Amino acid sequence: MEFSIKSGNPEKLRKDCIVLGVFESRKLSAAAALVDQAANGHISTVLRTGDIDGKPGSSLLLHHVPGIAATRVLLVGLGKERDLNERAYRQAARASIRALAGLNAAEVVTYLAEVAVQQHDLAWRVAQLVEVAQDSTYRFDKFKTKAGDSKKGIAKLQVQVTERADVAAAEAGLKQGLALASGVSFAKDLGNLAPNYCTPTYLAEQALALVKSHGLTVEVLEQAELEKLGMGSFLAVSKGSVQPPKLIVLQHKKGKKSQKPVVLVGKGITFDTGGISLKPGADMDEMKYDMCGAASVLGTFKTIAELGLPLNVVGIIPTCENMPDGNATRPGDVLTSMSGQTIEVLNTDAEGRLILCDALTYAERFEPQAVVDIATLTGACVIALGHHASGLFSNQDNLAQELLQAGNASQDRAWHMPLWDDYQSQLDSNFADMGNIGGRAGGSITAACFLSRFTKKYDWAHLDVAGTAWKSGKDKGATGRPVPLLTEFLKQRAAKSGK
Ligand code: BES
Ligand code: MN
Ligand code: ZN
C-alpha cells in the first residue's frame, strides 16, 4: 500500500472511496459534515435510517452519493466523541481498512486522522492509521504457489488533513508509522517462516542483512566462542539439534558516545519440541513461534534504524533449536551457567530461561542503562493474561512504569506482574544452586524469578509474550508484538536523553 498526505476538502475528490468518521448518536465529524452539505443532507438522511450506530468498529458503505465526485463513501463509527481514545481510534481505523478489503476501491482518501484523540496529536493519529492499515493487510504467501486475489483492496491511501499547516506534522507521523510497520512486518515474516527455513543460521543471516541495508553493527558468536565464554546453560539446550547455535549481537549506535546503551535480549528458539521432556503433539507446529522474542528484537532494530533514533541500543539474541536426541540434555543434568551459578534441569521444556540466563550475563559487559528481555517463555502466562496483554516483570519499578506507558501509547499493552521474593524458594534444588522449574503454581512468575537471579547488576525488565506474539486457529499468524511497545519505549528514552 502506498501512502500520501494532502490537505483540502472532501467533496471534489475523484477517488474510489472517501472514508469519513461519524460519532455515536448520529454526530458527524467535520469532514462528514462538509460532505453532508455538498450532498444536500444525504449523509444525515442515511444516519437516520439507523443502519450505522456510530459504535467504534461499525461501518457503512454508500455508493453514488449525490454532489460528491468520489464513487463511494465509507462511514466509519468512532464511538462517543468525548470517549475517543487509542483503542476506539484503532478499531475505527481497522474497520475502515477491512470494509474496503474485498472491493475494487484502489484509490482511497481517509479523513480519520482529522478527529481528536485523547492525549495524542496529529502525528500519532497518522502513524497509527498507517500501522493499522499495514497490519490488517499483511499476508504471508511466500509458500503459496497460486497467486491470490491481489488486484483487490487499497493500493493508494491518501491521508487527508484539514489545514495546509498540518501537512508537515502529518508527514512526520507517516514516517514514524511506516518505520514501525516495516519492523512489525519483518518480525511477522520471521515468526511465520517455517522452522525448516527459519533456523538459528537463518536468523543470523537476517541480522547480517540489516548491516548492509540499515547500517547496524552485527556480530555472530559461534559455538566455539560460546564454549569459551562458559555459556554451559545456553549450549545444553542446543545439544540435541544438528543446527548450530548462534549468539547474535546487534548494535545501533546513534546516541552520544558516553551514553550507556539500552539492551534488548530476545529468546530465539527456532523450534521447541520440549526436548527429552517432549511436548504433546497437538499444535506443536506453533512452537516455530518460539523465536518471536528474537524476531521482535530484529524488528525493533529495523524500525529504529529507519528512524535514525538518537540512542545507543544493543540487541542480544541467543538462538538454537530444542530437540530430543541421543545427545540431548536430560532431566537431572546439572549445568554451569556463564554466571557460575549451577542449574539442575528438571524439565528440558523449560529451555527459554536456560538460553536467556547466559545472554543476560553477557549483557553485563555493555554496562547497560537498562535491559529488557522478550520471550515466549511460559504457557502459564497465557493462562494468566490471555492473548491481550504481555506479562511484565521488573526489578525496577520506574522501568516497569515506562514500559507500561509505552504499551498503552502504542496499544501493545503489558500488565505488571509480581516478582516477589516469596516465589523464589519454588526454585530450590537439592543438587544445584537452583532448579529450572518452580512447579505449576505461578509458572510465569517463577520463570521470571529464575531470570532475576542473572540480572542483579542492572535495571531489568522481562516481557513474557507467549500469549501475544502470535495468534492460533483460523487467523494463525505472528502479530509482530511487542515491536510497537519496544519502539515507543526507546523513543521515550531517546527523548529523555536528548534533554
Ligand atoms: N515456549 C514454551 C512456552 C509456551 C508454551 C509458549 C505454549 C506459548 C505456548 C516454553 O519453552 C515452555 O515450554 N515452557 C514450559 C515451562 C514448564 C516446563 C515449566 C511451559 O510453559 O509449559
Ligand atoms: Mn519449552
Ligand atoms: Zn520455549
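All values below were derived from every heavy atom in this structure, side-chain atoms included, with hydrogens, water molecules and symmetry-related copies excluded. In each ligand, atom 1 is the first atom listed, and ligand 1 is the first ligand listed. Given the structure is predicted, the values throughout are model-derived calculations rather than measurements.
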Would one find an N or O of Asp272, backbone or side chain, under 3.5 Å from an N or O of ligand 1?
-> yes
With a cut-off of 2.8 Å, does any N, O or S atom of Glu351 fall short of it relative to the Mn ion (ligand 2)?
-> yes
Check: Thr378 N/O within less than 3.5 Å of ligand 1 N/O | no
Calculate the angle formed at the Zn ion (ligand 3) by NZ in Lys267 and OD2 in Asp290; 10° precision is enough.
-> 90°
The Zn ion (ligand 3) -> Glu351, closest N, O or S atom is OE2
Polar contact flag for Ala466 and ligand 1 (N/O pairs, less than 3.5 Å) | no
Taking the non-hydrogen atoms of Trp470, is any one of them nearer than 4.0 angstrom to ligand 1?
-> yes
Start with the C-alpha distance between Gln424 and Met434, add both sets of side-chain angles, then the distance that settles side-chain contact (heavy atoms from CB on, under 4.5 Å), and finish with yes or no.
-> CA-CA 10 Å; Gln424 290 282 356; Met434 68 195 90; over 6 Å; no
Element-labelled atoms of ligand 1 that are located less than 4.0 Å from some non-hydrogen atom of Glu351 = 11 (O)
Identity and distance of the protein heavy atom lying nearest atom 16 (C) of ligand 1 = Arg353 NH2, 3.9 Å
Does Lys302 count as lying over the ring of Phe186, i.e. NZ or CZ under 6.0 Å from the six-ring centre, within 45 degrees of the axis?
-> yes
Restricting to N/O/S, name the atom of Asp272 that gets closest to the Zn ion (ligand 3).
-> OD2
Run down the list Gly379, Gly438, Ala375 and name the one with the heavy atom closest to atom 20 (C) of ligand 1.
-> Gly379
The single option from Asp373, Thr455, Asn395 passing side chain to side chain donor-acceptor pair (under 3.5 Å) against Trp460 | Asp373
Stacked cation flag Lys188 on Phe140, 6.0 angstrom / 45 deg = no
All heavy atoms of Arg125 vs all of Val117, minimum pair found to be CD-CG2, 3.6 Å
Measure from the Mn ion (ligand 2) to every N/O/S atom of Asp272 and report the name of the nearest one.
-> OD2
Thr376 N/O under 3.5 Å from ligand 1 N/O | yes
Would you confirm whether the ring centroid of Tyr458 sits within less than 6.0 angstrom of the ring centroid of Phe366?
-> no
re atom 18 (C) of ligand 1, the protein heavy-atom contact at minimum distance is Asn347 ND2, 3.5 Å
For residues Thr376 and Lys267, determine if any side-chain heavy atom of one lies less than 4.5 Å from a side-chain heavy atom of the other.
-> yes
How close do Arg353 and Leu377 get, heavy atom to heavy atom, and via which atoms?
-> N-CD1, 3.7 Å
Among Ile437, Ile269, Val465, Asp283, which one has a heavy atom closest to atom 19 (C) of ligand 1?
-> Ile437
Grab the two heavy atoms, one from His387 and one from Val382, that are nearest each other, plus how far apart they are.
-> CE1-CG1, 3.6 Å
Asp464 and Ser444: which non-hydrogen atoms are nearest, and at how many Å?
-> OD2-CB, 4.1 Å
heavy-atom search around atom 15 (C) of ligand 1 in the protein gives Asp349 O, 4.0 Å
Is any side-chain heavy atom of Leu354 less than 4.5 Å from a side-chain heavy atom of Ile343?
-> yes
Of Met287, Lys267, Glu286, the one whose closest heavy atom lies nearest atom 7 (C) of ligand 1 is Met287
Sub-4.0 Å protein heavy atom next to atom 22 (O) of ligand 1 = no
Side chain or backbone of Leu377 under 4.0 Å from ligand 1, or both, or neither, by non-hydrogen atoms?
-> backbone
Can you list the steps and then say if Ile445 with Trp420 is a side-chain contact (heavy atoms from CB on, under 4.5 Å)?
-> CA-CA 9 Å; Ile445 306 170; Trp420 300 330; over 6 Å; no
